[in-house]
4 protein chains.
Amino acid sequence: MKAFKIYCGGQFITTQKSFEVINPFDGKSIAKTWLASNNELDLAIRKAQETEKELARLPVFEKYGILSTIARQISEKKEDFTKILCQESAKPWRYAQSEVERAIQTFTVAAEESKRLPGEYMSLDWTPAGKGKEGIVRHFPIGLVAGISPFNFPLNLAVHKIAPAIAAGCPIILKPATSTPLSTLMLAGIIDQSGLPKGAISILPMDRNTGNHLVTDERFKLLSFTGSPEVGWEMKKEAGKKKTILELGGNAGVIVTESADMDLAVNKCLVGGFAYSGQVCIHAQRIYVHDHVFETFTTKFIDAAKKLTTGNPMNPDTDISAMIDEDNALRVEEWVQEAIHGGAKALLGAKREGTYFPPTVLTETQRDMKVCALEVFGPVVVLEPYSNFASAIEKINDSRYGLQAGVFTNHIDEMNVAFNDLKVGGVVINDVPTFRVDHMPYGGMKDSGLGREGVKYAMMDMMETKILVKNRD
Amino acid sequence: MKAFKIYCGGQFITTQKSFEVINPFDGKSIAKTWLASNNELDLAIRKAQETEKELARLPVFEKYGILSTIARQISEKKEDFTKILCQESAKPWRYAQSEVERAIQTFTVAAEESKRLPGEYMSLDWTPAGKGKEGIVRHFPIGLVAGISPFNFPLNLAVHKIAPAIAAGCPIILKPATSTPLSTLMLAGIIDQSGLPKGAISILPMDRNTGNHLVTDERFKLLSFTGSPEVGWEMKKEAGKKKTILELGGNAGVIVTESADMDLAVNKCLVGGFAYSGQVCIHAQRIYVHDHVFETFTTKFIDAAKKLTTGNPMNPDTDISAMIDEDNALRVEEWVQEAIHGGAKALLGAKREGTYFPPTVLTETQRDMKVCALEVFGPVVVLEPYSNFASAIEKINDSRYGLQAGVFTNHIDEMNVAFNDLKVGGVVINDVPTFRVDHMPYGGMKDSGLGREGVKYAMMDMMETKILVKNRD
Amino acid sequence: MKAFKIYCGGQFITTQKSFEVINPFDGKSIAKTWLASNNELDLAIRKAQETEKELARLPVFEKYGILSTIARQISEKKEDFTKILCQESAKPWRYAQSEVERAIQTFTVAAEESKRLPGEYMSLDWTPAGKGKEGIVRHFPIGLVAGISPFNFPLNLAVHKIAPAIAAGCPIILKPATSTPLSTLMLAGIIDQSGLPKGAISILPMDRNTGNHLVTDERFKLLSFTGSPEVGWEMKKEAGKKKTILELGGNAGVIVTESADMDLAVNKCLVGGFAYSGQVCIHAQRIYVHDHVFETFTTKFIDAAKKLTTGNPMNPDTDISAMIDEDNALRVEEWVQEAIHGGAKALLGAKREGTYFPPTVLTETQRDMKVCALEVFGPVVVLEPYSNFASAIEKINDSRYGLQAGVFTNHIDEMNVAFNDLKVGGVVINDVPTFRVDHMPYGGMKDSGLGREGVKYAMMDMMETKILVKNRD
Amino acid sequence: MKAFKIYCGGQFITTQKSFEVINPFDGKSIAKTWLASNNELDLAIRKAQETEKELARLPVFEKYGILSTIARQISEKKEDFTKILCQESAKPWRYAQSEVERAIQTFTVAAEESKRLPGEYMSLDWTPAGKGKEGIVRHFPIGLVAGISPFNFPLNLAVHKIAPAIAAGCPIILKPATSTPLSTLMLAGIIDQSGLPKGAISILPMDRNTGNHLVTDERFKLLSFTGSPEVGWEMKKEAGKKKTILELGGNAGVIVTESADMDLAVNKCLVGGFAYSGQVCIHAQRIYVHDHVFETFTTKFIDAAKKLTTGNPMNPDTDISAMIDEDNALRVEEWVQEAIHGGAKALLGAKREGTYFPPTVLTETQRDMKVCALEVFGPVVVLEPYSNFASAIEKINDSRYGLQAGVFTNHIDEMNVAFNDLKVGGVVINDVPTFRVDHMPYGGMKDSGLGREGVKYAMMDMMETKILVKNRD
């Protein structure tokens, strides 16, 4: 069996505790890897701290060189990355491919942004107290970063912490999800050869106990967590003095208005609703359709959903495959059943087979059913009609969460209202909330998070502002 | 009779050549003032140059103080300014009032922007050649500015040159229109008491021969001209080494689509078409209406135009009064007659009475009639139907000019097409091209001009970029 | 006796618990005011929440009008504000005056910044996934803000929370220090008449128990605290889901190099060391002087310090007066005695008289003495020699704190090293760390805080980023 | 003999007029190429115009792809480019290599900047007139660009027009210097295969008559000229309505102060003074040295200059080779002789051999000698002592030109004075004026030019600002 050593303080090592990574689609073991213990974590922290000064002083052309090299190397091993992603996460090939492309782009943008840290020049003589003085504001690396990334985009969501850290000049210790650590460890091999000072990055699978040190250890200056709301908000309380960035989930909604292009809306909602079995933070979970077009939309949507191809994620035609594990499939089943018992109608799907849960469409749901109110993180979509735009906005906002929302409309006024009134981090016109490109600011309002990622934004969170006050004359 | 001395090198003076300013409405003399000769201009230039160093070194709080003081002083003399504007230009009271408010705002914004000159900080080590180096970019006053302002906004268009010049730290010599110099000379009285170094600003009415030195004299580093296209482009050729900013006119167009709010469109077009007898650079001259709503729009528009109040500009109810002089009224009459003889229909107006020209609406015009192809600068509006949006865009673009355009629509797609495809400096959705606020970038494409005004933009044109390259480590 | 009602949900009210505010200089009661209980706080919260929508929708010109009006009103009551500040805090008249000027400036800058929220436009088509799309990033008010301000700048440090909150469109409940609530309550009178929606601001003295709800109540979306490090970091842990901004203190240092202008350094250090009895977050506590000039500096510094005028803060000549209360004076005395017993030499002062503590200069101290290692918050300065610049930098950095630092030098290299290597939020060349103007980013690294104030920066912390993704073509 | 076809409207063509390109070092013919006539130019213009719409609509990822591809292709042919540069311009191998590296960097930066066009978002409701409105400012390609580039950096100065044009979405017709067209034509081969729409770029050697159409033809919207001041300013007058950017030369100066690192100053001045025989716009022509260190500097400088290696540019060790042609060598000889006859002393060099002119150092010159007052564009350096910093600043400023200046100092005050008072586009501390990296703003004050290059700055000049005004609520 293949083995992936873990990357600790600039060395690929094994530990006393190995484990196997399982392909959720066929339940077979893919490879063996290891869990870091407190000892390895401590070593990684100390090695990382040793690199701080050197990292902070790296000239731009070296950072740029390192980040570009990594991007190019991933690009040259696209197939390998896609394959391991498919296997460890059961993400269908096409989506896995797109994730690899995005990881390349994330490193590319980080390379470019490392040149463009937004220094500020300011006159300080706005009152006589500042006469003859000027200020220069620059941003300096905050220090050691703790990154925790989830299973659903094992590569690119880790990269969204690693690439900005390199660009900002911070060492980082990243804990990948233990179910999907392989693509990140493959990336470690590339980073190790990129010229980055050894120890600047460690990639360490850990159990929850060890991982908790990422939250509590005061040697970390920033905790950047992507994962579930419950865990995230708990971490914030335990984080001590460190800054905390939380990229959590939600129950993102879509509004399909009367003026919408129906075919566009259907096709986009299909992807937003079922891509990677809805295991996406910005999964299009709730779709509100104007009642004049509700039937049309519903018919088209169900018809299209029926045509989705199920199967082995390695098959390039597969649209939907297994969920990450049976526990999750069971949970989704339970939530769907709860809804049906409460009066909801299943227009499609709803029947689990092992780790596979089919594309499921519910309607006539109630606002407090779990499939509506919580993050379903499964291939379940709720379709409901609405009668006027203001009420559709209210329905989207009637949630603890606020990550992104999609609005299909051709009306300027509706676009304006949506942007002003939706309590979400991103309002996407004529596309699903699932839309994300890697340089845009991304993150949630309300319980969906704290702070924004997107390369430039993540970099800024990893830096501290310092002003130089000096004489000008 | 009242006399307004001219403001030369920090002194209020008279010269050998006096002239009287006439109220276009009743033909009566308002006040006497003087023309600067080459001698006075030369003196003003030399005095201005003497202030350059001091101006360049004024701390921000002093510039801010001067500009705020001027704004406050105008505010305290609002009535006086409004009255003199009414009298010298026959601008109806309400519009004169609004011009005075805008002049206050222009000085206020200039005060604020003087604090916020956009210095840049940049790393220079993008390649090994710049290792250890950083750059600081600041903007320094370009030197003496020549300003030439027109009769139609005698106060605020002069202020759009004076206020940025003070904020940028440049001396300026301003030539107001000889028909309307009084409001600017009243402003000179305020500036003189504001604490600005004497000589930094001169306001000198001149004849064309003397005025030509503003264009050709190499002691001026920037010529900022607002006026007619013919004159402007000629000046550019004569300007030698100096930078030239041209704010010229056009034959601005409006598109009223099917999705437009008709009443809004009618009311806005009324103002855009007839305010100050159309003597406005962004006068709404050509209105293209979707053929499904052409009749509705036309009926409402004509009805509303008939209700406009004619008369003495000093009357607060007056909507439309005399044109600036009989020559202009005659020219407009001639152009309208040319159109009618060529087959156009006059739906309203078209009959001159002395300096008064009534609100005039034409239709069934041809693209090369003067009322369509040239800048009519009179209360004449051309109404034509269109059948699809792309053709409406083409009609607007079928012009030598490209200042601003208005589009009444509620469709996102039409907004996008308009912004992408209209060859104008400003695309105004759901308002007339006549819309302008004083901090926005304003200026034309094609023959409508070169460069942009709007306080911050005008300031930047009055400054030169300098980079400091220094070691960072 | 004068009474100051507290400002709760748009009403001036009294409560069941009154208390008297004492002049620390003479121990006499100045006025009576009231403590808010949990009930009043809850009422204020509910009233504040009711204003959220209206505040978020205030047009810029209204916010600008409100903030400008407040600035102008304070300006018209400068004397009253200065007097009450003197009385409640024993701050000498001259420094009280300057604080009032700064409060005016803080409101002025907030007015201006409300116009200039940094929206972003970005192309999203950096990869084919974003083809035809663009993004518009705007910032929206985060919601209800809890502000806690300290006794040492009772007016301006409260204003640094209130003014940005208005500019950002957030309601705020401010808890002033209970020892110095009067100037802020006087400000409440002005705000109440400014046109701001009633309830948007409450100013409520509270005891610690009630005040703790500002930290823990989840209806607040941001906690902005200025005060001591111990309290601040505890609050962060209790803050739940809300964002937390901490402006804490430190033991700021100064380096006086051989190339320094000695007289400038002495004069500035005098102010930095003893202004308001050192009760300033950026008090110049530790001064490191190059050993070649140590004696010169010390002699001049002691001579000058001896000439400081002691006495009634209301006297315009007074340089130094009473500390805020006897407890603090006792604490400072104890720390100074600890140092002296540990071997430090007192070159000046060191003897308390009631609430008065004299300008005190120590030398031959040890790094872990309280007067070195902790925030002394009293008129105590430690003078020590150093032999090379690198070691001086190390000494400054040898601290849990990192707010600001001053460096007197004329060498570019030393300026660069200082900016790169000092672990502080602000490096001030040729001035003391005590330098602050109200628009610059201000705040600490390490235990000195989290986040930056300064009008624009505080505003940004009070807003959430939202992106609109839309089609461009 | 090798032949390089010219690149016209997307085709490699020959014309009726061929000519040979000569190696200035050995006088031998390198290759044959052709001159475009008016016909070919007209064809190129028409083809270019046909691409305008397509270019304006290119998504960012396509522009980025094209520009990155070109950068990568040059990189893969580094040797070929270096060789042809050496041959056509007699630029020593090392400097030719560095020019090729810079051309790669210029394309790389243009790729990155194409993503980051600085759109602006602004609120427009600063007064009630703008209530409910917002503005979005974007920049649109200005249209067809005419580029004229000089012989001294045949590749990279052409690339400074071509790369921004592609990034901005403008077609461009570039006229390379007829003495050095080969490297640019080699680049044409790469561009042709890059995916850029055919016709978007033409590279056409022309004689002066044909070239003059680039200046006068109104189909060009921007003229971007790099070359001599005389020609440049004449062009501005003939340019009609088009924008004109002039990157001209100067007689750049250096100040070496007492606090300077002498060895650094000597080494840098050697490169600034003699690299590529001083045929560089920012050649360090005048060096002012503090009189306390004048002798030291002079001795070291002459010693070092004597060690420069002369010879074949293809030899990697060569420091200095032939000038571009004998005419120029003759002119330099004449100027040097004029100086010597006028009393100047030659400390080194001064004797021409054919096209070779040796490193020449003069002292005791007069301000109005040609070697001081004009742009010598040859390996001639004037060394003069100064007694105080202010007078050194004056000497640098005593010139019609103002491109860049170098100041060797370690004093903050001198750095400040230099930045504030030197009338140049770039002040370089502790380096020669010859310093340039490709993303920094670069260009001259006074007679040295109009506008700034540097990728982002050049791009902005190639774009027009358009504002979209729309409702926000």
Side-chain angles (χ1 to χ4, degrees), chain A residues 59-61 63-65 67-69 71-72 75-76 101-102 104-119 121 123-125 131-134 136 167 390 393 411-421 427 429 437-441 454-456 468-473, chain D residues 59-61 63-65 67-69 71-72 75-76 101-102 104-119 121 123-125 131-134 136 167 390 393 411-421 427 429 437-441 454-456 468-473:
Chain A
V60 162
F61 64 89
K63 284 193 214 176
Y64 183 87
L67 289 158
S68 306
T69 300
R72 201 169 43 247
S75 192
E76 286 174 11
E101 289 293 350
R102 286 185 57 190
I104 296 166
Q105 173 70 355
T106 304
F107 273 111
T108 301
V109 173
E112 297 166 8
E113 292 299 331
S114 72
K115 298 174 168 174
R116 294 172 174 83
L117 280 172
Y121 172 88
S123 60
L124 296 177
D125 56 348
K131 190 170 176 181
K133 288 191 157 67
E134 64 186 357
I136 291 162
I393 295 281
H411 282 187
I412 297 172
D413 285 350
E414 289 177 346
M415 177 176 77
N416 288 344
V417 168
F419 192 31
N420 284 318
D421 291 351
V427 173
I429 303 299
V437 291
D438 297 283
H439 68 285
M440 82 187 216
V455 180
K456 178 172 76 171
L468 176 72
V469 174
K470 64 177 279 292
N471 271 39
R472 182 170 62 196
D473 298 327
Chain D
V60 162
F61 64 87
K63 285 194 216 177
Y64 183 86
L67 289 158
S68 308
T69 299
R72 201 168 44 245
S75 192
E76 286 173 11
E101 289 293 351
R102 287 184 57 192
I104 296 166
Q105 173 70 356
T106 305
F107 273 111
T108 302
V109 174
E112 297 166 9
E113 291 299 333
S114 71
K115 297 174 169 174
R116 293 171 174 83
L117 280 172
Y121 173 88
S123 59
L124 295 177
D125 55 346
K131 191 169 175 182
K133 289 190 156 68
E134 64 187 356
I136 291 161
I393 296 280
H411 282 187
I412 296 172
D413 286 349
E414 290 177 345
M415 177 176 76
N416 288 345
V417 169
F419 192 32
N420 284 317
D421 291 351
V427 173
I429 303 299
V437 291
D438 298 282
H439 67 286
M440 83 186 214
V455 179
K456 179 173 73 170
L468 176 72
V469 173
K470 63 178 279 295
N471 272 40
R472 182 169 63 197
D473 298 327

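Per chain, numbering begins at 1; letters A, B, ... match sequence-line order. Remember, predicted model here, so these are calculated numbers, not experimental data.
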Full working for side chain to side chain contact (heavy atoms under 4.5 Å, CB included) between D:Ile393 and D:Val417: CA-CA 9 Å; D:Ile393 296 280; D:Val417 169; 4.3 Å; yes

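- The part of D:Asn420 that comes within reach of chain A is its side chain, from C-beta onward, which places non-hydrogen atoms under 4.5 angstrom from that chain.
- Annotation: side chain of A:Asn471 is not in contact with side chain of A:Asp473 (no heavy-atom distance under 4.5 Å).
- Heavy atoms closer than 4.5 Å to chain A are found nowhere in D:Phe61, neither backbone nor side chain.
- The residue among A:Met415, A:Arg116, A:Lys470, A:Arg472 with the most heavy atom pairs within less than 4.5 Å of chain D is A:Arg116.
- Counting only residues at least two apart or on different chains, the salt bridge (Lys or Arg N to Asp or Glu O under 4.0 Å) pairs with a member in residues 411-421 of chain A are A:Asp421-C:Arg57.
- When all heavy atoms are compared, the tightest approach of D:Ala71 to D:Thr108 is CB-OG1, 3.7 Å.
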